[in-house]
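In what follows, chains carry the letters A, B, and so on, assigned in the order in which the sequence lines appear, proteins first and then strands, with residues in each chain numbered from 1. All values reported here derive from a predicted model rather than from experimental measurement.
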Number of protein chains: 2
Amino acid sequence: MLSKKTKYGLKALAYLASKKDRQPVQIAEIAKHENISQKFLESILLSLRKTGLLGSKKGKGGGYYLIKKPSEVLMTDVMRILEGPIAMVPCVSLNFYEKCDDCPDEGACSVHKLMLQVRDSALEVYRNNTLKDLIS
Amino acid sequence: MLSKKTKYGLKALAYLASKKDRQPVQIAEIAKHENISQKFLESILLSLRKTGLLGSKKGKGGGYYLIKKPSEVLMTDVMRILEGPIAMVPCVSLNFYEKCDDCPDEGACSVHKLMLQVRDSALEVYRNNTLKDLIS
DNA sequence: CCATTACCCTATCGACTTAATAGAGTTTAC
DNA sequence: GTAAACTCTATTAAGTCGATAGGGTAATGG
């Protein structure tokens, strides 16, 4: 299940991308427009800024803004930042690999093989989608 | 993230499918072979029986067994029983549809569009895999 | 230079889910 | 009729999620 964090984060990014200019947008404006708890959104935008997707400007007239062009923001990056691993099990994760403690042999694991396919199919979707695709 | 329930359920099904005959297999044997808590596995097998994937035989020499041939057991069915919705958000779920409370217009929702693609790609994987594919 | 605006951070909370455990009950084979 | 094995209910510990509260800090404009 997609977490609210990811859902809200995607909506916020899409909202920012829909703006023609790249002027800072206040948290309050995004929260109101997308029906999101402002405080919760605050923490989400913060993590997007820390990972380099967003920039922020403080003080009067401040807010958050996209650093890159919408067409340059890949969904793979966005999803990994917001949701974490794209794979459904750590043992097939490219960026968050971990061995299963209960599985003696990955090569022989039936779950492993299936989840590899699921991961690849999801990756393909995310690789073929940028922020620009989301708003058009 | 894939739940342990699903993971264990898949492993148990694969184990049953790997048996040549369709004689009942005891819970204890499956649990031991797959490193699963026996009691937890019990409840999983029970739900697989209630949904028609497995049959069970009580008493001495009893156990669980596959009702259909491995090649006839679709992963779409298995995943829906064990994990629930394949979609990551209820508003794009075929079998568990629900409207998002925060989303006024699905057609205009950026998350909706992306998650539709993810669902379809996952569905395609599950539709192209049966229990037989898991063990070969 | 200072007040306002808006970002930044920490802590807490209740609700919910998950994974596991315990224990008793029931059915069937032999 | 007894033992083996499935069936069911209840409980629990741990963890996660979404949300909230409240204060701290930095920068802008006048």
Starting at [atom1] of [X] and ending at [atom2] of [N], how long is that distance when rounded to a whole Å?
| X | N | atom1 | atom2 | result |
| --- | --- | --- | --- | --- |
| B:I30 | D:dA5 | CD1 | P | 13 Å |
| B:E42 | C:dA24 | CD | C1' | 12 Å |
| A:L2 | D:dT16 | CG | C1' | 15 Å |
| A:K4 | C:dG14 | NZ | C1' | 16 Å |
| A:M1 | C:dT17 | CE | P | 10 Å |
| B:K39 | C:dG25 | NZ | C1' | 11 Å |
| B:I27 | C:dT27 | CD1 | C1' | 14 Å |
| A:I44 | D:dT20 | CD1 | P | 12 Å |

Out of [options], whichever nucleotide has its closest atom nearest the side chain of [X]:
| X | options | result |
| --- | --- | --- |
| B:S3 | D:dC8, D:dG18, C:dA19 | C:dA19 |
| A:F40 | C:dT21, D:dT7, D:dG18 | D:dG18 |
| B:K5 | C:dC8, C:dT21, C:dA19 | C:dA19 |

Problem - DNA chain D: 5'-proximal contact among A:I36 and B:Q26 (nearest heavy atom) - result: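 Here B:Q26 is the residue nearer the 5' end.
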Do [X] and [Y] come within less than 4.5 Å of each other through their side chains, counting heavy atoms only?
| X | Y | value |
| --- | --- | --- |
| B:L114 | A:N129 | yes |
| A:L123 | A:T76 | yes |
| B:E106 | B:K99 | yes |
| B:C103 | A:K11 | yes |

Problem - Residues within residues 51-63 of chain A bordering DNA chain D, heavy-atom distance below 4.0 Å - result: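 A:K57, A:K58, A:G59, A:K60, in order of number.
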Exercise for the section: Verify the contact: side-chain N or O of A:Y64 to OP1 or OP2 of C:dC8, cut-off strictly under 4.0 Å; return yes or no. Expected result: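 Yes, because at least one side-chain N or O of A:Y64 sits under 4.0 Å from OP1 or OP2 of C:dC8.
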Problem - D:dA19 phosphate, OP1 or OP2, under 4.0 Å from A:Y8 side-chain N/O - result: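 Checking D:dA19 against A:Y8, a side-chain N or O does come within under 4.0 Å of OP1 or OP2.
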Practice task
Select base, sugar-phosphate, or nothing to describe what A:K50 touches, counting heavy atoms under 4.0 Å on all strands.
Solution key: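 Sugar-phosphate, backbone atoms only, no base.
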Exercise for the section: Report the residue from A:I135, A:L66, A:L48, A:L131 that forms a side-chain contact (heavy atoms from CB on, under 4.5 Å) with A:L16. Expected result: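 Filter result, single survivor: A:L66.
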Practice task
Give a yes or no answer on whether the side chain of A:R49 reaches the backbone of A:S56 with a donor-acceptor pair at less than 3.5 Å.
Solution key: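 Such a contact is absent between A:R49 side chain and A:S56 backbone.
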Handout entry: Salt bridge present between B:K4 and A:D102 (N-O < 4.0 angstrom)
Key =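 Salt bridge: no.
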